[in-house]
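Here the structure comes first, spelled out in structure tokens, and everything after it is commentary.
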Amino acid sequence: MQTKINLEGEWKLQLDETKQGLTLPFTDVITLPGTTSYARKGPKNEVVLVSALTDEYLFEGQVWFAREVFIPDELAGKACYLFLERTRLTTLWLDNTEIGSRNSLNTPHIYELPKLQAGIHTITVRVDNIDYPTKGGHLTSQDTQTNWNGITGRMELQFYGESQLTNIRLESNLAARTVRITATLDSNSETTLAVSAQSFNSEETHAVDEREFPVSPGLFSVDYVLGQNALLWSEGAPNLYNITLVLKDRDGHITDQQELIFGLKEFRAEGDKFTINGEKTFLRGKHDGLIFPLTGYAPTDVEEWVRILGISKSYGINHYRFHTCCPPEAAFTAADMLGIYMQPELPFWGTITEETDDGHNQAEQDYLISEGYAILQAFGNHPSFVMMSLGNELWGSKAKIDSFLKDYKAFDKRILYTQGSNNHQWVPEILEHDDFFSGVRFSRDRLFRGSYAMCDAPLGHVQTALPSTMKDYDDQIVPLDLLNGEKMEDTAGGEIQIQYGTEAKTVKADEASGEWIPHIPVVSHEIGQYATYPNFEEIEKYNGPLKAENFKIFRERLESNGLGHLAAKYFECSGQLAVACYKEELEAAFRSRRLAGFQLLDLQDFSGQGTALVGVLDAFMDSKGMISPEEWRTFCNDAVLLARFPKYNYVSGETFDAHVELSCFRSGLPDTLELRWELTVDNGILAEGTTEVNVPAGTNYIDICDLEITLPVVDRMSTIVLSLSIQGTDIRKSYDLWIYPEKSGNMLEGIHVFDKLSSDALALLEQGESVLLMPKPETLQNAVEGYYCTDFWCYPMFRSISESMNRPVPVGTMGLLIDNSHPVFHEFPSEEYSTYPWWNIVQHSKSIIMDEADCSWNPVVQTIDNFERNHKLSFLVECSVGAGNLLVCALDADKVSDTPEGRQFLSSLAGYMKSAAFKPQYKATVNELLELIK
């Protein structure tokens, strides 16, 4: 390019919702880049969304933009192109003559214009955000960045001389330390290409001498040597070069000059791992659906993407998977600078069909495949662009999907490809041209994720298994019986019902291939999804076109149930439980030596699909105050210390056994590492030690030592902390454990215990006695099942899906809110939120629905309900009845008595009931109790 004219600024505007066509004169103006919604143009949207943010000025239809541009004499007659970055479907007119249309949702719209005369010309662009060639996935969804209308990126006229370079491709040759430059020369004669390179974004500087190459019109390739001291690009050292390409005619005049970012790197799939420049790496990925609530659309400036990706990197993230979308070029540039491995995805979430299939849409499939080529052409030179997916949770013809992979690989071998993210869900299969596999299971029960929706049950270990740190997915990835050559039962064919987007669908599964062992890297898809309660203080942050009307509705629901004063505590306590769930989810991934990485859903909240508040960051990428980046990195980083032990709760004098290991994909560590470990209680050291371990070259999983520690005899429940650290580094980890005094016999001896509100129980209360009512959980109807883990993704979305599939609905609760200053916890000290001493107790309980109870009657321990139901749920509640006092807990005492934590809890209940502190403030009637406990 020789020069350009910036077209940003004020444009004339006309909204055309019903496709009436352009009518003059224009009646309004708008500043571009931007959207009609951001500019608050058009009628105000009266529809309020509950399942997503509400676009206050949503406009769907055709929008006309026009402006005049002055062409100076020196640019008259030159080759000229109109460049429009990040828009919808466009049609262009120049001086009232239609030039053409473009329909890419991911890549710039570039129009070649007739050679312009000097003077004033009128550019008119019509943008349509309806009638897309495909649904568009998260590019157009109200769940993420909304179906905006406008032009949101660079807008310019680009002028070229008599010769120009097009379709430039940069390709690394790591062994030769060269960059291969392939391009098309548009010229009438041979010309000279001058190439130079200058490093930036690195501690070292490296300038490469200019070299000239004679090139002829048409396609050509040249190899430009960077030298053996060339700097390499990776996540740890994202060294970049500015590659300058200059075309010169025979007289030495410059006819075209272009500057491109380049990183010398080699990202490969080798065995079950990815490698960067020959070293293994582990993908610590994040899902991204382009959620930007202040604008409603993705930014196109590098600075903002550096800020966003920088926040993720501070939480240990080195990889981004874009769900059914591709980000703007600025995102790739920022990722280049920060060392983030990027995976865009075609904007498709559906079924790939053969020509003979019912409902086959050849035009849509052709469009989607063309989008893939356009993405590769537009962004493939960025070193951060290393992977690509064909879509999200695709179904249909595996042969057709594989043919698309084959064609893409033939077109651009720089990128690693996958058939899609979690394709064919319960009956997946690796295809011939897959470079890596992304999913959640290899068959119904071979799971390699910690949590699932009820409609996809079986659930994961974080949701159902006794908490420990023993779980990994190695036996699921490569089962021993398959490894030994035994044949497992084939997956049944026929039809199966699956979750399909936010709905349910019946699909054919008769192409199931049975059980198999992956031979390529496996990346776990959308792991996590642990929901937190809304933070209603966040509402005021939505001062752009998107409004949190859903949050307002959730707040009104809570307040209408008399629980509004607990909103902040619900938010904080559900958040702490979610963090603990994420810690176990991520550590299980790092413990899995056959896994190649994960894609988290999510580090940040997801604004749509029912409103899925699954992040430790809110939708603005601001911390929700649950955990610091430094603490998060202790279990999500390039080096993670791990202790494997079978449980969190111990008895006095019991032996604590743990195996300590290190998942390590960090370069530059010394050959010998020193582990320091401590076991402390109340800031006093119970045991400590150090262990040195040699680190063999190329080793990524290091077994450090085994700990065998006799725990002290205690006379009260105590929290002990296991602390691990690698000396001289930031690599550390801590675990809270609990130790209990030895207890035997009946913990409730001397207490009047009933499982029904019988006449005997009422008589004792009338006599002024204290009574413990422990209804059998299985007998209660006005109650919610005990469930320790926080809700998966979003209750209303998966309740609806489960109901449509005739499957059990989620429990939908979000942990405990504990009045931990209450004297009932004298022998069972607790945080305000769920911790592992509560796991067995909660799992063998139900929480009574107290919606109809007096609003002043508050449980001592509440179960936090989701924002759709907002039940007042009592795990533990007290009241006075007649002359006596009653404590109510729907707990299976027999089952929890088998655990030290259960015995301790029951002992604490008994101790409280025998004490003078047992003086409930609320006085209940018998009728109230009978209505409640049924």
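Index from 1, following the sequence.
For residues 327-343, every residue pair satisfying the side-chain hydrogen bond (donor to acceptor under 3.5 Å, both in side chains) rule, not counting sequence neighbours, is listed here: E329-H382, D336-H382, D336-S384, Q343-Q599.
A cation-pi contact, defined as under 6.0 Å to the ring centre and within 45° of the axis, is absent between R211 and Y224.
Between E85 and T300, the side chains place no donor N or O within less than 3.5 Å of an acceptor N or O (distance only, hydrogens not considered). For the residue pair S104 / E371, a side-chain donor-acceptor distance below 3.5 Å is found, with atom types taken as modelled. Side-chain contact of Q419 with D434: a donor-acceptor pair under 3.5 Å is present, judged by distance alone. Between the side chains of T87 and H109, no donor-acceptor pair is found at a separation under 3.5 Å. Using modelled atom types, one finds no donor on one side chain facing an acceptor on the other under 3.5 Å when comparing D223 with T178. Checking T23 against Q14 by side-chain atom types alone, a donor-acceptor pair falls below 3.5 Å. Inspection of the D128 and Q62 side chains reveals an N or O donor paired with an N or O acceptor under 3.5 Å. Defined by atom type and a distance below 3.5 Å, a donor-acceptor pair is present between the side-chain atoms of E354 and S397. Between T134 and E364, the side chains place a donor N or O and an acceptor N or O closer than 3.5 Å (distance only, hydrogens not considered). Side-chain atoms of E210 and S196 include no donor-acceptor pair closer than 3.5 Å.
Atom CG of N96 has 12 or fewer neighbouring heavy atoms from other residues, nucleotides or ligands inside a 6.0 Å radius. Other residues, nucleotides and ligands contribute only 12 or fewer heavy atoms inside 6.0 Å of the CZ atom of R180. The number of heavy atoms from other shown groups lying within 6.0 Å of CD (E304) is above 12. Annotation for K409: atom NZ counts as buried by contact number, over 12 foreign heavy atoms lying within 6.0 Å. Heavy atoms from other residues, nucleotides or ligands lying under 6.0 Å from CD of Q117 number 12 at most. By the 6.0 Å contact criterion, OH on Y38 is open, its count of non-hydrogen atoms from other residues, nucleotides or ligands being 12 or less. Crowding of E17 atom CD: a count of heavy atoms from other residues, nucleotides or ligands under 6.0 Å not exceeding 12.
T54 places a side-chain N or O within donor-acceptor distance of the main-chain N or O of L49, the cut-off being under 3.5 Å. For the pair D143 (side chain) and H138 (backbone), a donor-acceptor distance under 3.5 Å is absent. Remark: the backbone N or O of T122 is paired with a side-chain donor or acceptor of D95 at under 3.5 angstrom. Between the side chain of N242 and the backbone N or O of F200 there is no donor-acceptor pair closer than 3.5 Å. In terms of modelled atom types and a separation under 3.5 Å, the side chain of N129 and the main chain of F59 share a donor-acceptor contact. N6 places a side-chain N or O within donor-acceptor distance of the main-chain N or O of E8, the cut-off being under 3.5 Å. One N or O on the side chain of S172 and one on the backbone of K265 form a donor-acceptor pair closer than 3.5 Å. The backbone N or O of M337 lies less than 3.5 Å from a partner atom in the side chain of N201, making a donor-acceptor pair.
Taking a cutoff of 4.0 Å between a charged side-chain nitrogen and a carboxylate oxygen, E355 and K400 qualify as a salt bridge. With respect to the salt-bridge test (charged N to carboxylate O, under 4.0 angstrom), the residues E10 and R67 do not qualify. Using a 4.0 Å cut-off between charged side-chain N and carboxylate O, K19 and D131 make a salt bridge. The residues D16 and R126 are annotated as not salt-bridged, no charged nitrogen and carboxylate oxygen being separated by less than 4.0 angstrom.
Separation of the Y160 and Y81 ring centroids falls under the 6.0 Å cut-off. Ring centers of F322 and Y320: under 6.0 Å apart, within the cut-off. Remark: aromatic rings of F332 and F379 are close, center separation under 6.0 Å.
The side-chain contact (heavy atoms from CB on, under 4.5 Å) check on K406 picks up H433, with sequence neighbours excluded.
Closest heavy-atom contact between C80 and L116: SG-CD1, 4.1 Å. Heavy-atom minimum distance, S438 versus T418: N-OG1, 4.1 Å.
Of the residues W148, W305, Y542, Y297, the one that meets the ring pair (Phe, Tyr, Trp, His ring centres under 6.0 Å) test with F292 is W305.
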